[in-house]
Chemist: 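For reference, the structure I am asking about is given below.
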Amino acid sequence: MNRIVSVIVFFLCFIPLALKGRYMIDVWSSTPLERWGFGLWLAIPLSALICEFVRTRFKVLPREETKRYIMIPLLLALFAAFIFLELRPNGGIHAISILLAISIIVLAVDVCFGRAIFMSQVPSYIFAYISCPSLLYWIDSYFSIGLNRPIEYMLVKMAVSILFLIVWCVCVMAKKHYPQLLTLCFIGGVIFAIVLSRIKMNDAAPGDSFEINLQRPQAGEWVAQNEELRENDNRFFKNIEKVSRKAYYDNNSRISLLIIGVATSSDVHPIGICLKGGGYDVETSKQETLKINGKDAQVNELVVSFQGKKYLVYSWFSNEKFSTGDFTKFRLSVRKFKNWSHYQLMTPITDKNTAEARTRVENFFTNFAL
């Protein structure tokens, strides 16, 4: 391929990533967990220079040549997938679109500059992929790594990327050859299979429709009271018109309930991102099915701590058909159904008695669930 044409094609392949640039900048500026995400992108040029130095200085060679008759159709397929996701009525999942945009650039390196340069830059691809917003959050959610603070997310991302860069460079300098692309694809497939199996392990069947009667001022020992939105509410849900907060009091304790009318899938985030971004430590998170007034309510139950105090949290999405506490399941179903509501409930855990807090919440549900 002509060098000038190659450069032009390569830079054209940056268009999908540029289209996601505004979203990524907004995430970096408004989401505490991703606050330092741009740092990894700043490290990519340095990684690229190191990888190129190793290739030229140690004369590392590829084990195969670029098969453009395979890579070009694959590149076009990634473009088509990106366009399809971006043109969906409610928009696609941003993380998937960003991963596709990065993959387009990665394949463009092979098509435009050859297999040697393509293979030499594998560590730089790792920097780019791992910097994708929310990616590490989901890995932490499914594999329970135990990350809570923004700096912890940044340090883990940077440590993994730098360690891979070092190991990769040492190995290729010693062998003077890059591994075959098929080998990397096999390793990637194994990792993908492990992640998919972990997701399946945490999967929970949807429950019945599970809404809260917000018009009822009192039921049993519970009394409802409207509350002002908090600073974090305004920051996380600034583009949503229907957001309200209510407090419920019985003789002994209190329940706080945040209610969000969901218009599009991009209106809300997983509750773990909201809690960790607000300074809470998430100790446990699991999917539960509760039996409420003869109905099965599927919710996400979390135990969190903040400034030395513990809280029991329930999060779920519901419409007239079913309920789910699984954010991924909600995102995959949002286009099929309308009139979604998102609920986030929190109540204190006193004397480390989580069972008592669960009983309190179930009593509240019994009195106020529709």
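Because the structure is a prediction, the values reported are computed rather than measured.
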Chemist: Would Leu181 end up clustered with Ile105 when hydrophobic side chains under 4.5 Å apart are linked, directly or stepwise?
Modeler: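 Yes; tracing contacts between hydrophobic side chains, which count when under 4.5 Å, links both residues.
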
Chemist: Is the Phe368 to Trp222 ring centre distance short of 6.0 Å?
Modeler: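 Ring centres of Trp222 and Phe368 not closer than 6.0 Å.
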
Chemist: Check whether Ser323 reaches the backbone of Gln298 with its side chain - one donor and one acceptor, N or O, closer than 3.5 Å.
Modeler: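 Such a contact is found between Ser323 side chain and Gln298 backbone.
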
Chemist: Does any non-hydrogen side-chain atom of Tyr248 lie less than 4.5 Å from one of Asn367?
Modeler: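 With C-beta onward as the side chain, the pair stays apart.
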
Chemist: Would you give the length of the straight line joining atom CZ of Phe14 to atom CD1 of Ile102, rounded to the nearest 0.5 angstrom?
Modeler: 10.5 Å

Chemist: Throw together a table of side-chain donor-acceptor distances under 3.5 angstrom for residues 160-179, partners on residues two or more places apart or in other chains.
Modeler:
unit_1: Ser161; atom_1: OG; unit_2: Lys157; atom_2: O; d: 2.9
unit_1: Lys176; atom_1: NZ; unit_2: Met173; atom_2: O; d: 2.8

Chemist: In sequence, state the C-alpha distance, the side-chain angles, and the governing distance for Asp110 and Arg115, and then conclude on side-chain contact (heavy atoms from CB on, under 4.5 Å).
Modeler: CA-CA 5 Å; Asp110 193 28; Arg115 186 57 52 89; 2.9 Å; yes

Chemist: Hydrophobic cluster membership, with links at side-chain heavy-atom distances under 4.5 Å among I/L/V/M/F/W/Y: are Phe113 and Leu184 in one?
Modeler: yes

Chemist: Can you check whether Glu301 reaches Leu290 side chain to side chain, under 4.5 Å on heavy atoms?
Modeler: no

Chemist: Quick check: closest heavy atoms across Pro123 and Ser120, and the distance to 0.1 Å?
Modeler: CD-O, 3.7 Å

Chemist: So does Glu64 get a backbone contact from the side chain of Gln180, meaning a donor-acceptor N/O pair under 3.5 Å?
Modeler: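 Looks like no, no N/O pair under 3.5 Å.
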
Chemist: For the side chain of Ser47 and the backbone of Ala43, is there at least one donor-acceptor N/O pair under 3.5 Å apart?
Modeler: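 Checking the backbone N and O of Ala43 against the side chain of Ser47, no donor-acceptor pair under 3.5 Å is found.
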
Chemist: Do Tyr125 and Tyr129 have their ring centres less than 6.0 Å from each other?
Modeler: no

Chemist: What's the spacing between Cys112 SG and Met71 CE if we round to 0.5 Å?
Modeler: 11.0 Å

Chemist: Evaluate the side-chain proximity of Pro206 to Lys329: yes if any heavy-atom separation is below 4.5 Å, no if none is.
Modeler: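 Lys329 vs Pro206: side chains touch.
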
Chemist: State yes or no: do Leu258 and Ile212 share one hydrophobic cluster built from I, L, V, M, F, W and Y residues joined by side-chain heavy-atom distances below 4.5 Å, directly or via other members?
Modeler: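 No, because Leu258 and Ile212 fall into different hydrophobic clusters, even though each may have its own neighbours under 4.5 Å.
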
Chemist: Hey, what's the ring geometry for Trp340 with Phe330, parallel, tilted or perpendicular (30° and 60° as the breaks)?
Modeler: perpendicular

Chemist: Just checking Tyr249: does its OH atom have more than 12 heavy atoms from other residues, nucleotides or ligands closer to it than 6.0 angstrom?
Modeler: yes

Chemist: Would a 4.5 Å heavy-atom cut-off, applied to side chains only, mark Glu86 and Ser97 as touching?
Modeler: yes

Chemist: If you round to the nearest 0.5 Å, how far is CZ of Arg245 from OG of Ser256?
Modeler: 4.0 Å

Chemist: Going from CZ on Arg216 to CG on Leu370, what distance comes out if it is rounded to the nearest 0.5 angstrom?
Modeler: 7.0 Å

Chemist: If only atom types and distance count, is the side chain of Ser318 paired as donor or acceptor with the main-chain N or O of Ser209 below 3.5 Å?
Modeler: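 Not at all, since once roles are kept as given, no pair shorter than 3.5 Å links the two residues.
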
Chemist: Would you indicate whether Phe84, at its atom CZ, is surrounded by more than 12 heavy atoms from other residues, nucleotides or ligands within a distance under 6.0 Å?
Modeler: no

Chemist: Please list, chain by chain and in numerical order, all residues satisfying side chain to side chain contact (heavy atoms under 4.5 Å, CB included) with Ala77, sequence neighbours excluded.
Modeler: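 None.
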
Chemist: Any heavy-atom pair between the side chains of Tyr314 and Arg358 that's under 4.5 Å?
Modeler: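 Yes, side chains in contact.
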
Chemist: Would you say Thr324's side chain and Asp326's backbone share a donor-acceptor pair under 3.5 angstrom?
Modeler: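 Checked: pair present.
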
Chemist: Should the ring pair His342 and Phe317 be called parallel, tilted or perpendicular, given that the plane angle runs from 0 to 90° and is split at 30 and 60?
Modeler: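 Parallel.
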
Chemist: Evaluate the side-chain proximity of Asn293 to Thr366: yes if any heavy-atom separation is below 4.5 Å, no if none is.
Modeler: yes

Chemist: Which pair of heavy atoms, one from Leu75 and one from Ala108, lies closest together, and at what distance?
Modeler: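 So the two residues come closest at CD1-N, 4.2 Å.
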
Chemist: How about Phe11: does its CZ atom have over 12 heavy atoms from other parts shown lying under 6.0 Å from it?
Modeler: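 No, not enclosed.
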
Chemist: For residues Asn300 and Gly325, report the shortest heavy-atom separation together with the two atoms involved.
Modeler: CB-O, 3.3 Å

Chemist: Scan Phe210, Trp316, Phe364, Phe365 and name whichever one has a ring-ring contact (aromatic ring centres under 6.0 Å, His included) with Tyr343.
Modeler: Trp316

Chemist: Would you find a donor on one side and an acceptor on the other, under 3.5 Å apart, between the side chain of Lys20 and the backbone of His94?
Modeler: no

Chemist: Tell me the closest heavy-atom pair linking Pro16 and Phe82, and the distance in Å.
Modeler: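 Taking Pro16 first and Phe82 second, the nearest heavy atoms are O-CZ, 3.4 Å.
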
Chemist: Contact between Leu17 and Met24 at the side-chain level, heavy atoms closer than 4.5 Å - yes or no?
Modeler: yes

Chemist: Carefully, step by step, assess Ser253 and Thr347 under the rule side-chain contact (heavy atoms from CB on, under 4.5 Å).
Modeler: CA-CA 8 Å; Ser253 191; Thr347 191; 4.1 Å; yes

Chemist: Has the side chain of Asn319 got a donor or acceptor atom that lies under 3.5 Å from a matching backbone atom of Phe322?
Modeler: yes

Chemist: Are Ile191 and Leu196 connected in the hydrophobic side-chain network, where two residues link if heavy atoms are under 4.5 Å apart?
Modeler: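 Per the 4.5 Å side-chain linkage, Ile191 and Leu196 are not co-clustered.
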
Chemist: Linking I/L/V/M/F/W/Y whenever any side-chain heavy atoms sit under 4.5 Å apart, do Phe192 and Ile194 land together?
Modeler: no

Chemist: When you look at Ile271 and Val313, which way does the side-chain contact (heavy atoms from CB on, under 4.5 Å) test go after all the steps?
Modeler: CA-CA 9 Å; Ile271 189 170; Val313 176; 3.5 Å; yes

Chemist: Is any side-chain heavy atom of Gln121 closer than 4.5 Å to a side-chain heavy atom of Phe127?
Modeler: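 SC-SC contact between Gln121 and Phe127 ruled out.
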
Chemist: Measuring from Tyr311:OH to Leu302:CG, what's the distance to the nearest 0.5 Å?
Modeler: 15.0 Å

Chemist: If you compare all heavy atoms of Ile292 against all heavy atoms of Glu362, which two are closest, and at what distance to 0.1 Å?
Modeler: CD1-O, 4.5 Å

Chemist: Considering non-hydrogen atoms only, spot the tightest contact between Asp250 and Asn252 and give its length.
Modeler: OD1-N, 2.9 Å

Chemist: Atom OG in Ser131, atom CE in Met158: separation rounded to 0.5 Å?
Modeler: 9.5 Å

